Protein chains: 2
Amino acid sequence: MTKQIKLEDVAAKAGVSKATVSRVINRRGYLSQKTIMKVEEAISALNYHPNVIAQQMHTQRTKQIGIIVPTVGTPFFGELAAELERRLFNKGYKVIIGGAENDPVKERKYLQQLLGRQVDGLIIATHNANIAEYQHANLPIVAIDRYLRDDIPVVYSDNYAGAREACQALLDRGATRVAYTDNLNPLNAQDEGRLQAYRAAMRAAGMPELIYPSLPDPEAKRARFAQLFAEHPEVDAVFASNDLDAALLLDLATQRGLRVPEDLQIIGYDGTKTTQTLLPGLATVVQPLAAMAERTVALLEDKINRKPTPAKVVLPVTLKPGRTLRQLA
Amino acid sequence: MTKQIKLEDVAAKAGVSKATVSRVINRRGYLSQKTIMKVEEAISALNYHPNVIAQQMHTQRTKQIGIIVPTVGTPFFGELAAELERRLFNKGYKVIIGGAENDPVKERKYLQQLLGRQVDGLIIATHNANIAEYQHANLPIVAIDRYLRDDIPVVYSDNYAGAREACQALLDRGATRVAYTDNLNPLNAQDEGRLQAYRAAMRAAGMPELIYPSLPDPEAKRARFAQLFAEHPEVDAVFASNDLDAALLLDLATQRGLRVPEDLQIIGYDGTKTTQTLLPGLATVVQPLAAMAERTVALLEDKINRKPTPAKVVLPVTLKPGRTLRQLA
DNA sequence: GGCTCCTTTTGCATCGTGATACAATGGAGC
DNA sequence: GCTCCATTGTATCACGATGCAAAAGGAGCC
């Protein structure tokens, strides 16, 4: 705003050299009590704050970590970002957050800029198109829920087991026709785990597969899900690959006069705090967000410190029953 | 990771001088097509990215904006952060996000570091204790929903009108005892608007005030809200100052066998996309998040460019009726 | 006084980019 | 041989904090 106070100004005010001020700030080397006091008085009198950019220039480190998520405006990624941010802050890092918004152009722009040593490391939690920049990125990276490159570790929860248990929970409670809704982006290897588990469960139960895409546009998605009920009135259970979709299905079902869980059982996926607060009755598969964040940050630190890291970390999920499931027979 | 490629390396590889490489990158001065090609080839061959820190050092700008929120793990602030981030990105800024977590110590730490010109501007959306650092901050700042200092513009939505309409909606539908729950932090001037409107409405209706605090700890809050029903069975309507509390009250009421809205009407506040997806039936007061973000970013840009800014911007809210309200008589 | 030893302070180079001034080269055109 | 202009190179500085080597100050000792 007005004038930028720098080290030199403090030095002049205190009547010492720049080096001495620096040494007072960082408590290094020999210092007389008298100079320490003089300098500290000058610092607070001028309201001096060291220029972080200059420090970064010198250390060649920014102590900043980039996090790329689809958006923080959604419970899963919002809570994930919050968990990551808290842990990174405790380790002295600040977080640059990028909402890729399922827009490969925006994601690419973020990467190109962040690759100029603006961050000491990167956490990628998007489900976008395979972006070339990742392949040549010369930077510590950890991915969440998505494979990027052989030497980039992936942290994810056990999607296959989670989906298997969700399907089993429905079948154990007498479901005869189970539909599945998912964001069927072929580039997300982990979500494939959920799809595969659903298919395997249907095969084992001798039931047909009923798969509906979860479209990005809210209106289109609502219309698509409405079709499900229209086309397949025999469906008496739905496994949604995320809780927001489960809530939408719940609303649609209620509007059509279906009773939940008597006529239709519903189970979601993710189990964030937000969903559990807003819809405490929803059955869901809870992803271990805190643990995922913990491991992600630990892996990133190892990468930064050039320690060896495992190729992947898989964490267990928990099934949370709820009022959208019938009582067990 | 390995070796840091710098301008000089590109120059050597392309067989030209540093100045020429700089000219090519920034398209300045006379340049032959041949050199442009040579240089660009070298750039991509070496996978060169300009060192952002050095650029920042030179321009004395970081093109980074700090956003301090309580947490992005909550629908309101998560969606707000997402709206802000998208607009800032479009203007060439990256976002450093800080979750203050209602912890004044953490908030203060963030400020002290960010004040070292690590960001070109700051957006404050916390409801924490009054932190001294704000008073001397020599940096463009815009606050959301909270007064900080005379020369820091505040953007907020019309809390008084929103609360007034919420209360009126309940009374119009035959409510005879209306309780109010809120995060009663005395430092949040705007929330006071909601409280005042509730009090005025009760006074006008000749009804007693029933005010319950929304505690930070989830378990404690649940217990506190349960008291509301135990202590005041005559309550037939609740106005919650946020949707998460409204959902909690809805759950508690259902568990106690109260029918909503027949026995108990509920209206919340905020009306985020997340709540409207998860609980589409909840009546609420919708805050204009997108407009708030838009105005905030515009004000911050004005501040950065030293243009005059208004002291405050108040935006209108919208009442969204729902199945937690009775039909109008 | 001259010497060593320790404390305290200072000057200077460094990090990578961008800006600026100025020189130098080469080719075209007359 | 001259001018004109496009093109590239060289050189230097600024940005602000840091860390090293060197210098300055003071005490003690012979």
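The analysis underlying the following values was restricted to heavy atoms, covering all of them including side chains, and did not include hydrogens, waters or symmetry mates. In what follows, every chain begins at residue 1, and chains take the letters A, B, ... in the order their sequences are listed. Quantities reported herein were computed from a predicted structural model and do not represent experimental measurements.
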(message) Checking A:L111 against A:L122 for the side-chain contact (heavy atoms from CB on, under 4.5 Å) test, could you report, in this order, the C-alpha distance in whole Å, the side-chain angles of both residues, the deciding distance, and whether it holds?
(response) CA-CA 9 Å; A:L111 283 173; A:L122 220 41; 3.6 Å; yes
(message) Please enumerate all residues that pass side chain to side chain donor-acceptor pair (under 3.5 Å) together with A:T59, with sequence neighbours excluded.
(response) none
(request) Please say whether more than 12 non-hydrogen atoms of neighbouring residues, nucleotides or ligands are located less than 6.0 Å from NZ in A:K63. (result) yes
(request) For residues 40-51 of chain A, pull every pair meeting salt bridge (charged side-chain N to carboxylate O under 4.0 Å, His left out), keeping only residues two or more places apart or in separate chains. (result) A:R27-A:E40
(request) Just jot down the side chain to side chain donor-acceptor pair (under 3.5 Å) partners of B:Q55, sequence neighbours excluded, or say none. (result) none
(request) Give me the residues of residues 35-43 of chain A where at least one heavy atom lies under 4.0 Å from an atom of DNA chain C, by number, or none. (result) A:T35
(message) Checking B:D150 now: which residues fulfil side chain to side chain donor-acceptor pair (under 3.5 Å) with it, not counting sequence neighbours?
(response) B:Y147
(message) Considering only residues two or more places apart or on different chains, which pairs with a residue in residues 66-106 of chain B satisfy ring pair (Phe, Tyr, Trp, His ring centres under 6.0 Å)?
(response) A:Y110-B:F89
(message) Checking A:E294 now: which residues fulfil side chain to side chain contact (heavy atoms under 4.5 Å, CB included) with it, not counting sequence neighbours?
(response) A:R87
(message) Rounding to 10°, can you tell me the angle the first-five-pair axis of the helix from C:dG1-D:dC30 to C:dC30-D:dG1 makes with its last-five-pair axis?
(response) 60°
(request) Mind checking salt bridge (charged side-chain N to carboxylate O under 4.0 Å, His left out) for A:E79 and listing every partner two or more places apart, or none if nothing turns up? (result) none
(request) Could you tell me from which nucleotide to which nucleotide of DNA chain C, 5' to 3', there is an atom under 4.0 Å from chain A heavy atoms? (result) C:dT7 to C:dG16
(message) By the definition side chain to side chain contact (heavy atoms under 4.5 Å, CB included), identify the one residue from A:I124, A:D151, A:L300 that meets it with A:I141.
(response) A:I124
(request) Let me see the working for A:T71 and A:T74 under side chain to side chain donor-acceptor pair (under 3.5 Å), right down to the final yes or no. (result) CA-CA 6 Å; A:T71 169; A:T74 254; 5.7 Å; no
(message) I'd like to check the salt bridge (charged side-chain N to carboxylate O under 4.0 Å, His left out) partners of B:R28; sequence neighbours left out, ordered by chain and number.
(response) none
(request) Give the B/S/- string for nucleotides 12-20 of chain D, one per nucleotide from 5' to 3', where a protein heavy atom under 4.0 Å of the base yields B, of only the sugar-phosphate yields S, and otherwise -. (result) --BBBSBB-
